[in-house]
Structures are given as structure tokens and as C-alpha cells.
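Working notes, beginning with the structure itself.
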Amino acid sequence: DTAVSQTPKYLVTQMGNDKSIKCEQNLGHDTMYWYKQDSKKFLKIMFSYNNKELIINETVPNRFSPKSPDKAHLNLHINSLELGDSAVYFCASSQGFSVGLGDTQYFGPGTRLTVL
Amino acid sequence: EDQVTQSPEALRLQEGESSSLNCSYTVSGLRGLFWYRQDPGKGPEFLFTLYSAGEEKEKERLKATLTKKESFLHITAPKPEDSATYLCAALITGNQFYFGTGTSLTVIP
């Protein structure tokens with residue numbers, strides 16, 4: 001069984017379009033994240049939700065909007081896509097933020113977004 | 001400024017040739033230091049968490065250690081299947097994660 005799944009795996013689109021990436025976790029975790037990995041493999045956290053509430057919102061353009069319909073899902077919607085948005089986007093989940101195993105994050109397989 | 005730096009950027013080893021990967025951190029309020037393995041086209045896979053200086057953890061050919069300024073991932077007698085990118089990340093007060101840029105390890109048969 002896939003613990004953290006993302007769809008789609010690949011997304012190719014034109015500049016200016018709006019697109020969404022979906023993420024689901026079946027681990028029963030309370031916290032979910034979105035990361036962006038650039039071409040140099042640098043991972044940077046974008047958002048974090050705990051029990052459907054936004055708790056980390058790094059400096060990302062407001063064209064990016066996360067939505068959490070329930071604690072097992074965290075979707076990422078991107079408006080007016082730009083060339084610089086091309087990257088691999090990873091969803092992750094963890095039990096929580098308490099010190100201990102709860103901090104371990106489990107990552108999805110990633111969504112490679114290419115903006116033309 | 002909080003920062004995590006990994007070295008070397010790339011490492012090529014012969015099978016059986018032991019070595020260490022370095023993760024240096026300058027962060028305030030470290031709560032945990034994480035190591036991940038990432039294979040091409042896949043998401044990072046959790047390996048270890050270290051919480052305090054002096055702590056060590058082992059898993060098969062890998063051993064992670066932590067000091068007040070850096071962490072090492074020691075690889076003993078590596079095999080080709082250990083080839084991957086190894087990432088470290090610091091969790092700090094305020095629930096912020098900072099990742100390093102990784103070390104790409106290639107183990108040659």
C-alpha cells in the first residue's frame with residue numbers, strides 16, 4: 001500500500017495556466033507538507049498543515065495556495081504558472097511536531113512540473 | 001541565518017571502500033537532525049534522526065553521528081545499491097526544516 005501518494009506524476013503545461021497537484025496519505029498522520037525541489041536537488045519547504053490548519057507558510061508567491069479538505073489530503077493549487085515554477089514538488093506527512101518519531105516525514109514520489 | 005551545508009557534493013567510491021559524508025549546520029534551537037536517502041525519480045526516504053550531541057545510530061552499513069556543529073554519515077564497505085543522494089535536514093524551534101543540498105554517492109562495483 002502506498003503511504004503517501006501524489007497525482008499526477010508528471011505535469012507539462014503552458015505559462016499562465018492554472019494547475020493542481022493532489023496528495024493523499026493513508027498513515028493516519030496529523031501533519032502534511034509541500035516541498036519544492038529545484039534542478040540542483042535543493043529541497044525547500046513551502047507549506048505545512050496540521051489537522052487541516054496552516055502552520056508553516058514560507059515565503060512563496062501567493063499564486064500557490066494549499067488546500068486541505070481533511071487531514072489525509074493536502075492539495076496544491078498554482079495560478080498563473082511561470083517558467084520558474086518548473087521543479088519537482090513533493091508532498092510529505094508526519095505524525096506531528098513533537099520530538100521523537102513523530103517528527104519523521106514520509107515523502108510521496110513527487111510531481112515533476114514543467115512550465116513551457 | 002540558519003543554514004545546513006553538506007559535503008562533498010559528489011563522492012565516488014569503490015565497492016568496499018568506506019567513507020563519511022558531512023552535514024554542517026548553523027541553526028538556532030536544533031530539535032533534531034535527520035538523514036534521508038533519495039534515489040533518482042523518487043522522494044526522500046527516512047534513515048535516521050539524531051537529537052543530541054554524542055548520539056549515534058546504525059542501520060546496516062550506515063552509521064550516523066552528531067556533534068554540536070555537524071553530523072556525519074559513515075558508510076562502511078559500501079555496495080553498489082548504496083548509490084543514491086543522501087540528504088540531511090535540521091529541524092529547529094518553530095518547526096522549521098532546513099535541508100542541505102545533498103551528497104550524490106556512487107559506488108562502483
Side-chain angles (χ1 to χ4, degrees), chain A residues 2-10 21 23-25 27 29-51 53-59 87-112, chain B residues 1-11 21 23 25 27 29-53 55 57 59 64 66 71 83-106:
Chain A
T2 303
V4 182
S5 59
Q6 295 178 230
T7 54
K9 188 165 176 61
Y10 300 96
I21 307 172
C23 178
E24 177 181 1
Q25 55 96 3
L27 297 167
H29 287 165
D30 290 334
T31 307
M32 296 184 72
Y33 311 79
W34 276 110
Y35 285 86
K36 178 180 180 180
Q37 189 171 45
D38 62 24
S39 56
K40 295 185 177 180
K41 304 293 185 184
F42 182 63
L43 259 175
K44 184 170 171 57
I45 193 167
M46 300 173 69
F47 301 101
S48 173
Y49 268 73
N50 180 264
N51 272 321
E53 288 188 27
L54 181 65
I55 51 175
I56 292 177
N57 184 2
E58 291 297 305
T59 306
V88 181
Y89 292 83
F90 287 101
C91 176
S93 74
S94 68
Q95 183 59 49
F97 282 122
S98 59
V99 174
L101 283 178
D103 290 323
T104 303
Q105 296 182 324
Y106 296 85
F107 285 78
T111 295
R112 182 174 293 277
Chain B
E1 183 184 345
D2 297 314
Q3 193 170 322
V4 176
T5 305
Q6 290 187 248
S7 62
E9 201 172 303
L11 181 62
L21 281 54
C23 172
Y25 60 92
V27 299
L30 181 76
R31 293 178 50 207
L33 192 292
F34 295 72
W35 281 98
Y36 293 85
R37 168 191 171 128
Q38 186 174 22
D39 292 301
K42 296 189 176 180
E45 176 189 340
F46 170 77
L47 293 174
F48 305 107
T49 310
L50 301 165
Y51 294 103
S52 56
E55 189 175 359
K57 288 194 177 171
K59 180 180 179 179
L66 182 65
S71 177
S83 297
T85 295
Y86 290 85
L87 300 167
C88 71
L91 172 66
I92 68 170
T93 308
N95 302 326
Q96 298 293 323
F97 268 98
Y98 291 92
F99 277 83
T101 50
T103 294
S104 176
L105 173 66
T106 303

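A quick note: this is a predicted structure, and the numbers were derived from the prediction, not measured. Note on naming: letters A, B, ... go to the chains in the order of the sequence lines (proteins, then strands), and numbering restarts at 1 for each one. These numbers come from the heavy atoms of this one structure, side chains and all, not from hydrogens, waters or symmetry mates.
- Looking at B:Tyr36, only its side chain comes within 4.5 Å of chain A, counting heavy atoms on both sides.
- Proximity to chain B (any heavy atom under 4.5 Å) is shown, for A:Lys44, by neither the backbone nor the side chain.
- Only the side chain of A:Gln37 comes within contact range of chain B, with heavy atoms under 4.5 Å apart.
- When each of B:Gly43, B:Gly102, B:Pro44 is checked for heavy-atom pairs under 4.5 Å with chain A, B:Pro44 comes out on top.
- One distance of note links NZ of B:Lys42 with CZ of A:Phe107; it measures 15.5 Å at 0.5 Å rounding.
- The line from CZ of A:Phe42 to CD of B:Gln6 is 10.0 Å long, rounded to the nearest 0.5 Å.
- When heavy atoms are compared at a cutoff of 4.5 Å, B:Glu45 does not approach chain A at all.
- With sequence neighbours excluded, the residues that form a side chain to side chain donor-acceptor pair (under 3.5 Å) with A:Asp30 are A:Lys71.
- Considering only residues two or more places apart in sequence or on other chains, B:Trp35 meets the side chain to side chain donor-acceptor pair (under 3.5 Å) condition with B:Ser71.
- Taking each heavy atom of B:Phe46 and A:Thr104 in turn, the nearest pair found is CG-CG2, 3.3 Å.
- Taking the six-membered ring for Trp and the full ring otherwise, A:Tyr35 and B:Phe99 have centroids separated by under 6.0 Å.
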